[in-house]
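Both backbone and side-chain heavy atoms feed into the values below; hydrogens, waters and symmetry mates do not. Labels below follow one simple rule: chain letters A, B, ... track the order of the sequence lines, proteins then strands, and each chain is numbered from 1. Just so it is clear, the model here is predicted, and its values are computed rather than measured.
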There are 2 protein chains.
Amino acid sequence: MANTKKMDYVLLGLLSHEPMTGYEIKKRLDTTLRFFWGASYGSIYPTLNQLEKEGKVIKEDASSNGREKISYSITEYGKDSLKEWLKKPVEKDELRYETLLKLFFGNETGMEGAKEHIERFEEKCKGELLILNMFAENLGQYLQDDTHKHYYLTVKFGIKTYESYLEWCHEAKEQIKEWEK
Amino acid sequence: MANTKKMDYVLLGLLSHEPMTGYEIKKRLDTTLRFFWGASYGSIYPTLNQLEKEGKVIKEDASSNGREKISYSITEYGKDSLKEWLKKPVEKDELRYETLLKLFFGNETGMEGAKEHIERFEEKCKGELLILNMFAENLGQYLQDDTHKHYYLTVKFGIKTYESYLEWCHEAKEQIKEWEK
DNA sequence: ATACAATATATCAGTTTGATATATTTGTCA
DNA sequence: TGACAAATATATCAAACTGATATATTGTAT
């Protein structure tokens, strides 16, 4: 079997929902999947070309007017490859939180710096939670569809975690106040 | 100012706590920081050498018996560089959860696959939570120290989030049962 | 008309991972 | 005591991925 990186499956997964251009894939990653996965153009376009050479996706010219546009759709072989990966156990779940890093090393700058980072984090979380709650509400009306059920579960995950982040922010600030007494 | 990547500050941060070898740095990342940050030898050793050339850390031969050992300690210049970074706002907090990815694309394999991934995730979270609670308990006795206070806050973050992950696992399984009726 | 935002593809240097190589010391079981 | 595995320790490299940038067209608002 050919080389397979994680990116392959992200693209195959998205194309298993519907045919898309590289640009549309990027947008979907930046909206729907942003809470648990990301990718850059520098990996999207080359991987799309590689998947086509392997016969896992099919290119189709979808240019209109003068706008160049290449639509990709998944093949049966691509679907088989995706299904195989989906059945395998997860290799790695990973958090990369710069906020936690700056907090952990924060003794160099004191509790004042820590408080600032926590507050900024809190604001960001509030924003994300607002978006996620909107997603969940909108999704409510599509829950007879299987694809949307899976989507719904991931949105619920996002809501749960951001709510717990906000709780932590509150408790951490209280704890710092306690220490400052 | 010279080139600066995130890895620079991770190493400077760890060395600001105490002098260490590359191997010890890796161990600390795999234990204490594993819940929010990771790094591989392939970035640790080269970065350590680069930081030495820049005068941010100092190399010291700490070989004993026949065992080669290089201990690194942070310089004042290195501390200044670290502090500067700590004051800057966070650029990126990122979750990369393969579990969520497989769940999101799971309509290809059906709810049975989703349930399996959720269950495996649940088991892993229970394990992590156990470790984190041990950390928190042990930390309790060192909380007069500033470094440990910052450490404590990050452990609390880990506990909060893993608890919410477990709640989500439970609710997601209930939801799936509901859908299966 | 003109400028700005959005759409669209593509590439590349720099960063990081994951695997592997190499070698020594320490612990453990028989 | 000897043998074997596990832990300690440094280092390198191909492959993967990011973040930035280049290029060009279309739609929108002023």
Side-chain angles (χ1 to χ4, degrees), chain A residues 1-12 19-31 33-34 37-54 57 59-72 85 90-96 98 101, chain B residues 1-12 19-31 33-34 37-54 57 59-72 85 90-96 98 101:
Chain A
M1 174 106 36
N3 62 314
T4 48
K5 37 197 167 92
K6 215 150 288 181
M7 196 55 207
D8 292 359
Y9 302 111
V10 176
L11 299 188
L12 289 176
M20 271 184 272
T21 69
Y23 187 78
E24 286 165 336
I25 285 172
K26 175 65 171 151
K27 269 211 297 191
R28 182 118 344 154
L29 284 164
D30 290 346
T31 52
L33 281 83
R34 66 195 288 260
W37 208 268
S40 65
Y41 285 126
S43 62
I44 293 172
Y45 285 111
T47 302
L48 240 17
N49 276 307
Q50 168 229 306
L51 288 173
E52 200 236 349
K53 272 179 206 144
E54 290 171 8
V57 304
K59 242 178 191 169
E60 201 201 337
D61 184 73
S63 300
S64 65
N65 307 339
R67 162 92 63 226
E68 190 187 2
K69 212 170 157 179
I70 308 163
S71 184
Y72 291 86
W85 176 74
V90 165
E91 281 173 3
K92 202 182 174 193
D93 287 322
E94 191 186 7
L95 206 69
R96 292 212 141 216
E98 220 185 285
L101 212 50
Chain B
M1 171 101 39
N3 61 315
T4 48
K5 38 196 165 92
K6 216 149 285 181
M7 194 57 206
D8 292 0
Y9 302 111
V10 176
L11 298 187
L12 289 175
M20 273 184 271
T21 68
Y23 187 77
E24 287 165 335
I25 285 171
K26 174 64 172 155
K27 271 212 295 189
R28 182 120 342 157
L29 284 165
D30 289 345
T31 53
L33 281 83
R34 65 195 288 260
W37 207 267
S40 64
Y41 286 127
S43 62
I44 294 170
Y45 286 112
T47 303
L48 240 20
N49 276 308
Q50 168 230 307
L51 289 171
E52 200 234 352
K53 272 179 206 144
E54 291 171 7
V57 304
K59 242 180 192 167
E60 201 201 337
D61 185 71
S63 301
S64 65
N65 310 339
R67 160 95 63 229
E68 192 187 0
K69 213 169 155 179
I70 308 162
S71 184
Y72 292 87
W85 177 74
V90 165
E91 281 173 2
K92 201 184 174 190
D93 287 323
E94 188 185 7
L95 205 69
R96 292 211 142 215
E98 220 185 285
L101 213 47

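Listed pair B/Lys92 / D/dG19 meets the phosphate criterion, a side-chain N or O lying under 4.0 Å from OP1 or OP2. In this structure, B/Tyr45 reaches the D/dT10 phosphate: one of its side-chain N or O atoms is under 4.0 Å from OP1 or OP2. Close to D/dA9, at under 4.0 Å from its OP1 or OP2, lies a side-chain N or O of B/Lys69. Put simply, A/Tyr23 has no side-chain N or O that comes within less than 4.0 Å of OP1 or OP2 on C/dT9. For D/dT18, neither phosphate oxygen OP1 nor OP2 lies less than 4.0 angstrom from any side-chain nitrogen or oxygen of A/Arg96.
Following rounding to the nearest Å, A/Tyr72 (OH) and C/dT9 (P) show an atom-to-atom distance of 7 Å. Between the C1' atom of D/dA11 and the CD atom of B/Gln50 lies a distance of 16 Å, rounded to the nearest Å. Between the CE atom of A/Met7 and the P atom of D/dT18 there is a distance of 7 Å, given to the nearest Å. If you measure from atom NZ of A/Lys59 to atom P of C/dA10, you get 6 Å, rounded to the nearest angstrom. Summarising the geometry, the separation between CD on B/Glu98 and P on C/dG18 is reported as 10 Å, rounded to the nearest angstrom. Between the CG atom of A/Leu48 and the C1' atom of C/dA10 there is a distance of 12 Å, given to the nearest Å. Here D/dA9 presents its P atom at 13 Å from CZ of B/Arg28, a figure rounded to the nearest Å. When the P atom of D/dA7 is taken as reference, atom CD of B/Glu24 falls 16 Å away, rounded to whole Å.
Nucleotides of DNA chain D nearest to B/Lys27 and B/Glu94 differ in position, and the one nearer the 5' end is that of B/Lys27. Looking at which nucleotide of DNA chain D each of A/Ala39 and B/Glu68 is closest to, the 5′-most match is held by B/Glu68.
A donor-acceptor contact under 3.5 angstrom links the side chains of B/Lys5 and B/Thr47, judged on distance only.
The backbone N or O of A/Lys69 sits less than 3.5 Å from a side-chain atom of A/Ser63, completing a donor-acceptor pair. Within the 3.5 Å criterion, the main-chain N or O of A/Val90 finds no donor-acceptor partner in the side chain of B/Glu98. The closest donor-acceptor contact from the side chain of B/Arg96 to the backbone of A/Gly38 lies under 3.5 Å.
When each of D/dA11, D/dT8, C/dT16 is scored by its nearest atom to the side-chain atoms of B/Lys6, the top-ranked nucleotide is C/dT16. Each of D/dT25, C/dT25, C/dT11 was ranked by its minimum atom distance to the side chain of A/Arg67; first place goes to D/dT25. When the nucleotides D/dC17, C/dT11, C/dT15 are ranked by their closest atom to the side chain of A/Pro46, C/dT11 comes out on top.
Summarising the geometry of A/Ser43 relative to A/Ala39, their closest heavy-atom pair is OG-CB, 4.1 Å, with the distance given to 0.1 Å. The minimum heavy-atom distance linking A/Gly22 with A/Tyr41 is given by the pair O-CE2, 4.4 Å.
Using a 4.0 Å heavy-atom distance criterion, A/Gly22 is classed as a sugar-phosphate-only contact. Residue contacts shown for A/Ser43 include a base, since a base heavy atom lies under 4.0 Å away. Among the atoms of the strands shown, only primed sugar atoms or phosphate atoms (P, OP1, OP2) are found under 4.0 Å from some heavy atom of A/Thr21. Note on B/Lys26: nothing from the nucleic acid sits closer than 4.0 angstrom, heavy atoms only.
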